[in-house]
Amino acid sequence: MYLGLEHEMTGEALALAIADGGELPSLDTALQAASLAETRLREAIEAIPQGIVFLDEEDRYILWNEQYAQIYEKSADLLVPGAKLGDALRIGIARGDYPEAAGREEEWLASRLALLRQPSRRHEQWLSNGRCIMIEERRLESGGSIGVRVDITDLKQKEEAFRLLFERNPLAMVVYDRESGCIRTANEAACVLFGYTPQQMSDLPAAMLFPAESEARAAELLVTDRADTGESWNMLRSDGAAIEAVIATRVSDLEGFSGTIVSIFDVTERRRIEQRMAHMARHDELTGLANRAHCRTYLSEVLGTCGTHETVTLAMVDLDHFKPVNDTYGHHFGDIVLTEAARRMRELIPPDALLCRIGGDEFALIFRRSSLTQAELVAKSIITTLSEPFFVQGHMIHIGATIGFASAPYDTRDPETLLRYADLALYAAKGERRGTCRSFEAAMDAAAQEKNRLEVDLRAAVREGGLEVHYQPIVDLQSGEVECYEALLRWHHPERGAVPPDVFVPLAEEIGLIDQIGRFVLGSACNAAMHWPDHIKVAVNVSPLQFRNGNLLSTVINALSTSGLAAERLELEVTEAVLMEKGPRPSAIIRNLRAFGIGISLDDFGTGYSSLSYLLNYPFTKIKIDKSFILNLNHEANSRAVIRAVIGLGRSLGLTVAAEGVERSIERDYLRDEGCTQGQGYLFGRAMPAIRA
């Protein structure tokens, strides 16, 4: 297995022996010493983890260890004492043990032997089993040589993996030379990112990738280990265009130089998207104005930082008559009007004011360092400019604006309260007269609080059965007999006493309770009527919202079927507000109700502007003259003329005519003489709880 040492004592060994003992050692002693030296040498090289080989001056094998034999396992049979390395290599080439020699065998062999005889550097050698061997050789003074073989296959695989990771990585990566300050190499992604060719990137001064003001910081960055901290760096492309990047560095001792592996994350587009998303989160997409969230945040910031005596005024702007624009022309037209309205307002506000769109057709203005008087002047200018016509695709559109104010510190310094106060002022302005502006007053808050308490109590009354249905008689003016009872809702509050229907019914409509209350009234009325004589009917008022919500027909049918009341004994009273609803729904519902035999009465007749057309287009069975005409009957000739005309119209159309608000005999007699069919009012009886007639 090994080439043994010659079993004879060398001159050196003899000299040592004489020096030690002073006498010429025996042959056996000399041989034993030589054998011991060989054994120790063998043990020493076997302990070395690398492959070790000794060659003589003619490049013949003298000694090698087990690791060397394992490395060249395919050529192990050629490891014979005295065999020349060159001969072993030639045979190995012929066998295909050295794939690098394929096609240039003699050239490869000559190069390999030249490195052996004049070793100057380490070199690598690939074997047919896929292993890569690093070779380092030195010549000895005796003329021979010693060689070291290290299996670096795993290292080469890691290097190849890193090379592939580096070159094919979609992330831009460069290798920076810390001594020269230049880029040694860059992957394709880096070349694309910065707009250079691979040749241009090689030896490119790294400073060229950074703006002048960042060069010093960048130079410090490139010589330190730095993980991705999220900090952004401005960098430059070859054409001078700026990009934003996050940089991570790894200092490494690379082959032949000290370098830094630099990973560059291009976040330009991500930052642009983030900025866009941040802008969208704070601004209205249609108009570009600040949105509700930004309005609230900015208002809180301003109120939190303003001085004690600094005025901050919040104006709430509501566009008038905007809903008909969407209904008539469509939302596309509405969007154009909103955009133009925003532009007009933006041109009128001072530089330090913020204009926001906080809803569909609602805007807010936050004035800082402007007096309430200045804010009101701007508001009036806004009302004026928004009252001017809008020209959209050949159409002239008219809207307007109503504005409510609240100011800090006069009204409050709390942002949420200031918003609420401005809303209350806007609500009051709209209730008083549109196209105006109005400042907040403490009474508005008191009224709002009162309304809120009333809402809470009304919800409790509906939930706990606190509402009652009373019935007021409607009599035949000729015979004086009761022909119908009108169901009237009553609410007796435990603290407030009787709450008028004209107070709590609109509130019920506003807070969405009218359907529930309507079912209760219809059910109660139908059940009560079952205890009356068959010729007496029951009349129930119906809210426009019940028509709009689309549940009225099923509610009526359910009340009739549950109680067992004949449909002909039920009358539903509607107002012109129902008939003014857009679309076919009200007409269809009324006709379906009549198809079941239910009577339809037009209530408060004479107070609208188009009642005559309604009578011709809807299948009414009764019209009721509004009590305002009856109360003025003896004082205004016009009232008597209207009453006479309505009675004549009803007679000609075959409709029952009933008069409301009859309180005195003289009024009854006049109505009866004029031919009015029915009368209702305190003269005949007040509304009372359910009775059994």
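Only heavy atoms go into these numbers, but all of them, side chains included; no hydrogens, no water, no symmetry mates.
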For the [atom1] atom on [X], are there more than 12 heavy atoms of other groups (residues, nucleotides or ligands in this structure) within a distance under 6.0 Å?
{"X": "I666", "atom1": "CD1", "value": "no"}
{"X": "E285", "atom1": "CD", "value": "no"}
{"X": "Y427", "atom1": "OH", "value": "no"}
{"X": "H395", "atom1": "NE2", "value": "yes"}
{"X": "E481", "atom1": "CD", "value": "no"}

I want to check something: taking the side chain as every heavy atom from C-beta on, are [X] and [Y] in contact at a cut-off of under 4.5 Å?
{"X": "R594", "Y": "I600", "value": "yes"}
{"X": "L314", "Y": "L419", "value": "yes"}
{"X": "L348", "Y": "S381", "value": "yes"}
{"X": "L489", "Y": "P501", "value": "no"}
{"X": "R292", "Y": "C356", "value": "no"}
{"X": "L593", "Y": "V556", "value": "yes"}
{"X": "V392", "Y": "V325", "value": "no"}
{"X": "L671", "Y": "V657", "value": "no"}

Could you tell me whether the side chain of [X] and the main chain of [Y] form a donor-acceptor pair under 3.5 Å?
{"X": "S554", "Y": "N551", "answer": "yes"}
{"X": "Q516", "Y": "L513", "answer": "no"}
{"X": "S561", "Y": "N558", "answer": "yes"}
{"X": "R357", "Y": "T287", "answer": "no"}
{"X": "S601", "Y": "D603", "answer": "no"}
{"X": "N291", "Y": "A281", "answer": "yes"}
{"X": "R519", "Y": "V521", "answer": "no"}
{"X": "S407", "Y": "Y410", "answer": "no"}
{"X": "S652", "Y": "L649", "answer": "yes"}

Margin query: Show every salt bridge (Lys or Arg N to Asp or Glu O under 4.0 Å) that has at least one partner inside residues 458-476, sequence neighbours left out.
Written below: E455-R459
Next item on the list: List in chain and number order the residues that pass side-chain hydrogen bond (donor to acceptor under 3.5 Å, both in side chains) with E362, two or more places apart in sequence or in another chain; answer none if no residue qualifies.
Entry: none
Margin query: Show, in sequence, the C-alpha distance, side-chain angles and deciding distance for E571 and I598, and conclude whether the side-chain contact (heavy atoms from CB on, under 4.5 Å) test is met.
Written below: CA-CA 6 Å; E571 288 183 356; I598 298 166; over 6 Å; no
Notebook entry, point to check: Mind checking whether H294 and H283 have ring centres under 6.0 Å apart?
Noted result: yes
Minimum heavy-atom separation for [X] and [Y], please, with both atom names.
{"X": "L467", "Y": "F520", "answer": "O-CZ, 3.4 Å"}
{"X": "W491", "Y": "G466", "answer": "CD1-O, 3.8 Å"}
{"X": "T412", "Y": "L418", "answer": "CG2-N, 3.5 Å"}
{"X": "A375", "Y": "F405", "answer": "O-CZ, 3.7 Å"}
{"X": "I399", "Y": "D320", "answer": "CB-O, 3.3 Å"}
{"X": "A687", "Y": "L488", "answer": "CB-CD1, 3.8 Å"}

Next item on the list: Fit a plane to each ring of Y618 and F620, take the angle between them on a 0 to 90° scale, and name the class: parallel (under 30°), tilted (30 to 60°) or perpendicular (over 60°).
Entry: tilted
Check: Would you call the rings of Y485 and W532 parallel, tilted or perpendicular, where under 30° means parallel and over 60° means perpendicular?
Finding: tilted
Modelled atom types, side-chain donor and acceptor of [X] and [Y], under 3.5 Å:
{"X": "Q678", "Y": "K622", "result": "yes"}
{"X": "R686", "Y": "Y471", "result": "no"}
{"X": "R343", "Y": "T339", "result": "no"}
{"X": "N541", "Y": "E486", "result": "yes"}

Under a 4.0 Å threshold between the charged nitrogen and the carboxylate oxygen, would [Y] count as salt-bridged to [X]?
{"X": "E483", "Y": "K537", "answer": "no"}
{"X": "R344", "Y": "E340", "answer": "yes"}
{"X": "E510", "Y": "K451", "answer": "yes"}
{"X": "D445", "Y": "R420", "answer": "yes"}
{"X": "R640", "Y": "E674", "answer": "no"}
{"X": "R453", "Y": "D457", "answer": "no"}
{"X": "D669", "Y": "R672", "answer": "yes"}

Notebook entry, point to check: Between D515 and N549, does a side chain to side chain donor-acceptor pair (under 3.5 Å) hold up when you go through it step by step?
Noted result: CA-CA 8 Å; D515 274 344; N549 295 340; 2.9 Å; yes
Checklist line | side-chain contact (heavy atoms from CB on, under 4.5 Å) between V503 and L454, intermediate numbers included | finding: CA-CA 10 Å; V503 172; L454 190 65; 3.7 Å; yes
Spacing of [atom1] belonging to [X] relative to [atom2] belonging to [Y], to within rounding of 0.5 Å:
{"X": "S387", "Y": "H398", "atom1": "OG", "atom2": "NE2", "answer": "10.0 Å"}
{"X": "I643", "Y": "I647", "atom1": "CD1", "atom2": "CD1", "answer": "6.5 Å"}
{"X": "I366", "Y": "R296", "atom1": "CD1", "atom2": "CZ", "answer": "10.5 Å"}
{"X": "E347", "Y": "T385", "atom1": "CD", "atom2": "OG1", "answer": "7.5 Å"}
{"X": "T402", "Y": "I382", "atom1": "OG1", "atom2": "CD1", "answer": "12.0 Å"}

Next item on the list: Decide side chain to side chain donor-acceptor pair (under 3.5 Å) for K627 and Q680; before the verdict, give the C-alpha distance in whole Å, the side-chain angles of both, and the deciding distance to 0.1 Å.
Entry: CA-CA 9 Å; K627 62 183 179 181; Q680 178 182 0; over 6 Å; no
Checklist line | Partner of L572 by side chain to side chain contact (heavy atoms under 4.5 Å, CB included), out of T621, V542, V578 | finding: V542
Next item on the list: Step by step, work out the side-chain contact (heavy atoms from CB on, under 4.5 Å) result for I517 and V505.
Entry: CA-CA 9 Å; I517 292 175; V505 170; over 6 Å; no
Next item on the list: Check step by step if side-chain contact (heavy atoms from CB on, under 4.5 Å) holds for F684 and E663.
Entry: CA-CA 8 Å; F684 309 112; E663 297 183 357; over 6 Å; no
Next item on the list: May I have the step-by-step check of side chain to side chain donor-acceptor pair (under 3.5 Å) for E376 and S439, ending in yes or no?
Entry: CA-CA 9 Å; E376 287 180 345; S439 297; 3.1 Å; yes
